[in-house]
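Below you'll find the structure, written out as structure tokens, and then a few comments.
Just so we're clear, the structure is a prediction, and the values are computed from it rather than from any experiment.
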Amino acid sequence: MTTAGDIMHRGAQWIPAHETLDRAAQLMRELNVGALPISDENERLCGILTDRDIVVGCVAMGHDPAKVTAGDMAQGTPRWIESDADVDDVLTEMRTHQIRRLPVIDDKRLVGMISEADLAQHLTDEQIAAFAESVYARSASG
């Protein structure tokens, strides 16, 4: 059985909710990533911040990224998966919630992230095709 821990990108890092978006952007650059899980004061997942969130939700709105925090951008219920979850559960979670990045948690601690690139490297062609069809397919009427 292939698990989330088998396909995840190790070394993911939190951005604390109190950190500003300019610091988040710097961390994204240092880590060469486009998203960071947001942690509360107890290092619990409270959201995910993407580079697009910073640009569209802050800069394009005329806000100062040095004054807006990662926590200000956290919205909705964050999704995650246990490291020992089967890859089919990973696909179901990402498909159901139409998300492109999924934090991997072990003993309530962040241990990695799964992105679409990780899926492409570790899944069969059939699994990738089914995932892409379910997430990206447009309705025939649209």
OG (Ser115) and CE (Met94) are apart, to the nearest 0.5 Å, by 7.0 Å
Rounded to the nearest 0.5 angstrom, the CD1-CE distance for Ile114 and Met8 is 8.0 Å
Shortest non-hydrogen contact from [X] toward [Y]:
X      : Y      : value
Pro37  : Met113 : CG-SD, 3.8 Å
Ser83  : Val111 : CB-CG2, 4.2 Å
Ile48  : Ala35  : CG2-CB, 4.1 Å
Asp64  : Cys58  : C-SG, 4.0 Å
Lys108 : Arg44  : CD-NH2, 3.0 Å
Asp40  : Cys46  : N-SG, 3.8 Å

Decide yes or no for [X] and [Y]: does some side-chain heavy atom of the first lie under 4.5 Å from some side-chain heavy atom of the second?
X      : Y      : result
Leu21  : Asp72  : no
Arg101 : Thr50  : yes
His122 : Asp6   : no
Ile7   : Gln121 : no
Arg95  : Thr92  : yes
Gln127 : Val87  : yes
Leu36  : Leu31  : yes
Ile105 : Leu110 : yes

*asked:* Using modelled atom types and a 3.5 Å cut-off, is there a donor and acceptor pairing between side-chain atoms of Asp86 and backbone atoms of Asp88?
replied: yes
For Gly57, is there any backbone N or O sitting under 3.5 Å from a side-chain donor or acceptor partner on Asp53? no
When you look at [atom1] of [X], are more than 12 heavy atoms from neighbouring residues, nucleotides or ligands closer to it than 6.0 Å?
X     : atom1 : result
Asn42 : CG    : yes
Arg23 : CZ    : yes
Met1  : CE    : yes

Taking only residues two or more places apart in sequence or in another chain, which ones pass side chain to side chain donor-acceptor pair (under 3.5 Å) with [X]?
X     : answer
Arg79 : Glu93, His97
Glu41 : none
Asp89 : none

Query raised in the report: In terms of hydrophobic clustering (I, L, V, M, F, W, Y; side-chain heavy atoms under 4.5 Å; direct or indirect links), are Ile81 and Leu119 co-clustered?
Result: yes
